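Everything below concerns the one structure shown next.
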Amino acid sequence: MASAEKKPLPFVANFAAGAIAGISEILTFYPLGPPPVQVKTRMQLDTGKTSPGLVGSFRSIVREEGCGPCLVPPLLLEAPKRAVKLHVAANDFWGKTFMAYSGESKMTQNLSIITGCTAGATESFVVVPFELVKIKLQDKTSTFPGPMAVLRHIVRNDGLLGLYAGMESTFWRHVWWNGGYFGCIFQVRAMLPRADTPQATLFNNFLAGMVGGFAGTLLNTPCVVKSRIQSAPRVPGVVPKYNWTYPSLAIIFREEGARALYKGFVPKVLRLAPGGGVLLLVVEGVLGMFRQALGPPYI
């Protein structure tokens, strides 16, 4: 994050850094093991009390569909999502706004949490259409050949506003994840020894981002309902079973038990905990490269 003495980097640099970090996160973890997002979504869409679990879901996906469909939707989603997240939060857009409003001269733990939550709320408005396309493609009953087919189907049947199905649940998911992520980054960095070498800085960034990714995932996983809201077909005149976040969470708890609220937690945290570390590592590295290239007063 830029210090008070440095001139803030231009919007293009911050946006590019976020996009590069998001794509790097996906490309780092997808080739190394199971496609966690695909497995996570399938587990969350399973409404039964019994589930095939992580290994069973992964085997089913690979046997029936291969690994190709697992990679396209996340790549489609991550660049704009991370670019917005890291511009409005890591570049202190909201942080500076809240510091000015509160009269604080430095970021505090409470302000970092509020900044993260607000960044998540901002991010949610951008990513809902991408998330909707991803969910539709990853549903095991899907017959769509690709993302554009999903977009055409939604717009033709539900209009442009149909791209924002599940907006409320996406809002809450991103608010809680970002609040936990950026709040933990602030706290972990404060607890770690001061980094005196580039290697120590890399380690501190990775560790802080990894802890933040775990905390954010723990906080927002009960928003499992988002996948169900966005996967449900919209029938005119019929109120969907899963419609609003917190009433839907109550339905899941009542019908499937408390454990169902954390369906998909393991594959999700396997990616988002270390992924949060890679995300912070890459964005700080790219921003540092931009500062060096632009020279004073950005350094």
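Computed from a predicted model, the values in this text were never measured in an experiment.
Ile113 and Gly183 make their closest contact through CG1-CA, 3.8 Å (heavy atoms, listed as atom of the first residue, atom of the second, distance). The shortest heavy-atom contact between Pro274 and Val269 is CD-O, 3.6 Å. Across all their heavy atoms, Leu281 and Leu202 have their closest contact at CD1-O, 3.1 Å. When all heavy atoms are compared, the tightest approach of Thr118 to Ile114 is OG1-O, 2.7 Å. Residues Gly212 and Cys184 approach most closely at CA-CB, 3.6 Å, considering heavy atoms. Considering every non-hydrogen atom in both Val128 and Ala165, the closest pair reads CG1-O, 3.8 Å.
The main-chain N or O of Phe186 is never found under 3.5 Å from a side-chain atom of Gln109 such that the two would form a donor-acceptor pair. Distance alone, capped at 3.5 Å, is enough to place a donor-acceptor pair between the Asn220 side chain and the Arg173 backbone. Not a single donor-acceptor pair under 3.5 Å links the side chain of Thr108 to the backbone N or O of Glu104. A donor-acceptor contact shorter than 3.5 Å is absent between the side chain of Tyr242 and the backbone of Leu249. A distance-only check finds a donor-acceptor pair linking the side chain of Asn204 to the backbone of Pro193 [under 3.5 Å].
Atom-to-atom distance recorded for Ser248:OG and Ile229:CD1 is 4.5 Å, nearest 0.5 angstrom. Atom CG of Asn157 and atom CD1 of Ile154 lie 9.0 Å apart (nearest 0.5 Å). In this structure, the separation between CG on Leu192 and CZ on Phe203 is 7.0 Å, given to the nearest 0.5 Å. Going from atom CG of Asn178 over to atom OG of Ser112 covers 12.0 Å, rounded to the nearest 0.5 Å. Atom CD of residue Glu123 and atom OG1 of residue Thr170 lie 10.0 Å apart, to the nearest 0.5 angstrom. Separating the CD1 atom in Ile252 from the CG atom in Leu261 is a distance of 6.5 Å, to the nearest 0.5 Å.
Atom CZ of Arg156 has more than 12 heavy atoms from other residues, nucleotides or ligands within 6.0 Å.
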Legend entry - Leu272 and Tyr181: CA distance, side-chain angles, deciding distance, side chain to side chain contact (heavy atoms under 4.5 Å, CB included) verdict: CA-CA 10 Å; Leu272 291 181; Tyr181 181 68; over 6 Å; no
Inset, instruction - Go through the steps to decide whether Trp177 and Thr217 satisfy the test side chain to side chain contact (heavy atoms under 4.5 Å, CB included), and finish with yes or no. - result: CA-CA 6 Å; Trp177 197 91; Thr217 304; 3.4 Å; yes
Inset, instruction - Just do the side chain to side chain contact (heavy atoms under 4.5 Å, CB included) check on Phe206 and Leu280 with the steps written out, would you? - result: CA-CA 7 Å; Phe206 180 77; Leu280 188 61; over 6 Å; no
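Clustering ILVMFWY residues whenever any of their side-chain heavy atoms sit less than 4.5 angstrom apart, transitively, puts Met210 in a cluster other than the one holding Met191. Grouping the Ile, Leu, Val, Met, Phe, Trp and Tyr side chains by contacts below 4.5 angstrom, directly or via other members, places Ile251 with Tyr246. A chain of hydrophobic side-chain contacts below 4.5 Å, direct or via other Ile, Leu, Val, Met, Phe, Trp or Tyr residues, connects Leu160 to Leu132. Following chains of ILVMFWY side-chain contacts shorter than 4.5 Å, one cannot reach Met289 starting from Val282, and the two form parts of different hydrophobic clusters. Note: the hydrophobic cluster containing Leu111 does not contain Tyr101 (ILVMFWY, side chain heavy atoms under 4.5 Å, direct or indirect links).
With 3.5 Å as the limit, one finds no donor-acceptor pair spanning the side chains of Trp172 and Ser124. Asn205 and Arg189 share a side-chain donor-acceptor pair at under 3.5 Å. Side-chain contact, Arg291 with Tyr298: no donor N or O sits under 3.5 Å from an acceptor N or O.
Identified under the salt bridge (charged side-chain N to carboxylate O under 4.0 Å, His left out) test for residues 239-250, with sequence neighbours left out: Lys241-Glu255.
Counting only heavy atoms from C-beta outward, the side chains of Met167 and Phe125 approach each other to under 4.5 Å.
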